[in-house]
Amino acid sequence: MYIGHIDDTPEKEVPNAKETTIRWLISPKVGAKNFAMRYFVIKKGGEIPIHQHDWEHEIFVVKGEGYLTKDGKNWFKVVPGSYIYIPPNEPHGYKNEDSESFEFICIIPAKKEAIPEDEWAE
């Protein structure tokens, strides 16, 4: 068993994003073999541009309001309590126009190409 607290988890800037941080809550570094759990914060005016991956995402919105898109034209508003499934290879992007912070948990498979080297067990 591994128990941690978000306040003890380093907050890192997300590459290629604006005003966005990530905390790796659970990863192979702590023994997880199948999934990784991340906590994102997108500050007001921030965004994660449209991108895609070979793996799925499961997302749960914790705080604030934000918007998700598949094409950059149609945006879908999400609020605390919203949950989102993004299939593998589906384009997706996020932005925060309204809230002080838009915060969500995102779970992904524990795949080498999905997780930075420093989040793997030594």
Side-chain angles (χ1 to χ4, degrees):
M1 181 184 301
Y2 175 83
I3 299 172
H5 192 278
I6 193 165
D7 291 341
D8 300 326
T9 307
E11 187 173 27
K12 302 173 183 177
E13 295 294 320
V14 175
N16 304 316
K18 178 182 172 191
E19 295 293 321
T20 303
T21 60
I22 185 173
R23 293 176 197 248
W24 288 85
L25 304 178
I26 298 171
S27 68
K29 188 176 187 175
V30 300
K33 304 267 187 260
N34 298 304
F35 302 99
M37 180 186 295
R38 299 129 8 120
Y39 193 91
F40 285 87
V41 175
I42 303 177
K43 297 177 184 96
K44 190 171 188 175
E47 69 176 303
I48 300 174
I50 297 173
H51 60 287
Q52 63 190 64
H53 316 280
D54 291 339
W55 53 88
E56 65 187 53
H57 295 44
E58 285 85 22
I59 296 169
F60 184 79
V61 178
V62 176
K63 183 179 177 183
E65 299 177 349
Y67 298 87
L68 277 75
T69 188
K70 292 172 25 168
D71 59 13
K73 297 178 183 112
N74 299 300
W75 291 88
F76 302 93
K77 186 175 186 175
V78 293
V79 298
S82 296
Y83 51 91
I84 302 104
Y85 168 67
I86 301 173
N89 298 309
E90 183 171 282
H92 54 285
Y94 314 78
K95 68 180 176 180
N96 174 4
E97 295 180 337
D98 308 319
S99 297
E100 212 41 53
S101 67
F102 168 40
E103 304 182 20
F104 56 92
I105 293 168
C106 181
I107 298 172
I108 59 171
K111 297 174 74 169
K112 280 286 186 189
E113 59 272 25
I115 299 174
E117 193 61 40
D118 62 343
E119 288 299 328
W120 288 88
E122 296 175 5

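Since the structure is predicted, the reported quantities are computational estimates derived from the model, not experimental observations.
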| Is any side-chain heavy atom of Arg38 closer than 4.5 Å to a side-chain heavy atom of Cys106? | yes
| Ion pair Glu19/Lys95, N-O distance below 4.0 Å | no
| said: Does any part of the side chain of Asp54, heavy atoms only, come nearer than 4.5 Å to the side chain of Pro88, both counted from C-beta? | reply: no
| note | In this structure, CD1 of Ile48 is separated from CG of Asn96 (nearest 0.5 Å) by 10.5 Å
| Is a donor on one side and an acceptor on the other found under 3.5 Å between the side chain of His53 and the backbone of Trp55? | no
| task | Using the side chain to side chain contact (heavy atoms under 4.5 Å, CB included) rule, take Thr20 and Phe40 through it: C-alpha gap first, then chi angles, then the decisive distance, then the call. | result | CA-CA 7 Å; Thr20 303; Phe40 285 87; 4.2 Å; yes
| message | Can you confirm whether more than 12 heavy atoms, excluding those of Lys70, are under 6.0 Å from its NZ atom? | response | no
| query | Is atom CG of Asn89 surrounded by more than 12 heavy atoms (other residues, nucleotides or ligands) closer than 6.0 Å? | reply | yes
| message | So, taking the atom named CD in Glu103 and the one named OH in Tyr39, what distance separates them when rounded to the nearest 0.5 Å? | response | 3.5 Å
| request: Step by step, work out the side chain to side chain contact (heavy atoms under 4.5 Å, CB included) result for Ser27 and Trp120. | output: CA-CA 7 Å; Ser27 68; Trp120 288 88; over 6 Å; no
| request: Would you give the length of the straight line joining atom NE2 of His92 to atom CZ of Phe76, rounded to the nearest 0.5 angstrom? | output: 14.5 Å
| message | Let me confirm one number: the CD1-CD distance from Ile84 to Glu58, rounded to the nearest 0.5 Å. | response | 11.0 Å
| remark: d(Ile108 CD1, Ile115 CD1) to nearest 0.5 Å is 5.0 Å
| Within the distance-only criterion (no hydrogens, no angle test), does the side chain of Thr69 pair as donor or acceptor with the backbone N or O of Asn74 below 3.5 angstrom? | yes
| task | Check the pair Ile105, Ile59 against side chain to side chain contact (heavy atoms under 4.5 Å, CB included), reporting the backbone distance first and the verdict last. | result | CA-CA 6 Å; Ile105 293 168; Ile59 296 169; over 6 Å; no
| task | Determine, stepwise, if the pair Ile86 / Glu56 fulfils side chain to side chain contact (heavy atoms under 4.5 Å, CB included). | result | CA-CA 6 Å; Ile86 301 173; Glu56 65 187 53; over 6 Å; no
| request: For Ile26, check side-chain contact (heavy atoms from CB on, under 4.5 Å) against everything at least two apart and list the hits. | output: Val30, Ala32, Met37
| request: Show the numbers, then the answer: is there a ring-ring contact (aromatic ring centres under 6.0 Å, His included) between Tyr94 and Phe104? | output: CA-CA 11 Å; Tyr94 314 78; Phe104 56 92; 5.2 Å; yes
Contacts table for residues 60-67: side-chain donor-acceptor under 3.5 angstrom, sequence neighbours left out:
| residue | atom | partner | partner atom | Å |
| --- | --- | --- | --- | --- |
| Glu65 | OE1 | Lys77 | NZ | 3.0 |
| Tyr67 | OH | Asp98 | OD2 | 2.8 |

| field | Glu113, CD: over 12 other non-hydrogen atoms inside 6.0 angstrom | value | yes
| Under the 3.5 angstrom rule, does the side chain of Arg23 hit a backbone N or O of Thr9 as a donor-acceptor pair? | yes
| remark: Across all chains, not counting sequence neighbours, the salt bridge (charged side-chain N to carboxylate O under 4.0 Å, His left out) partners of Glu117 are none
| message | Determine whether the aromatic ring centres of residues Tyr85 and Tyr83 are separated by less than 6.0 angstrom. | response | no
| query | Ignoring hydrogens and geometry, is there a side-chain-to-backbone donor-acceptor pair from Ser82 to Pro80 under 3.5 Å? | reply | no
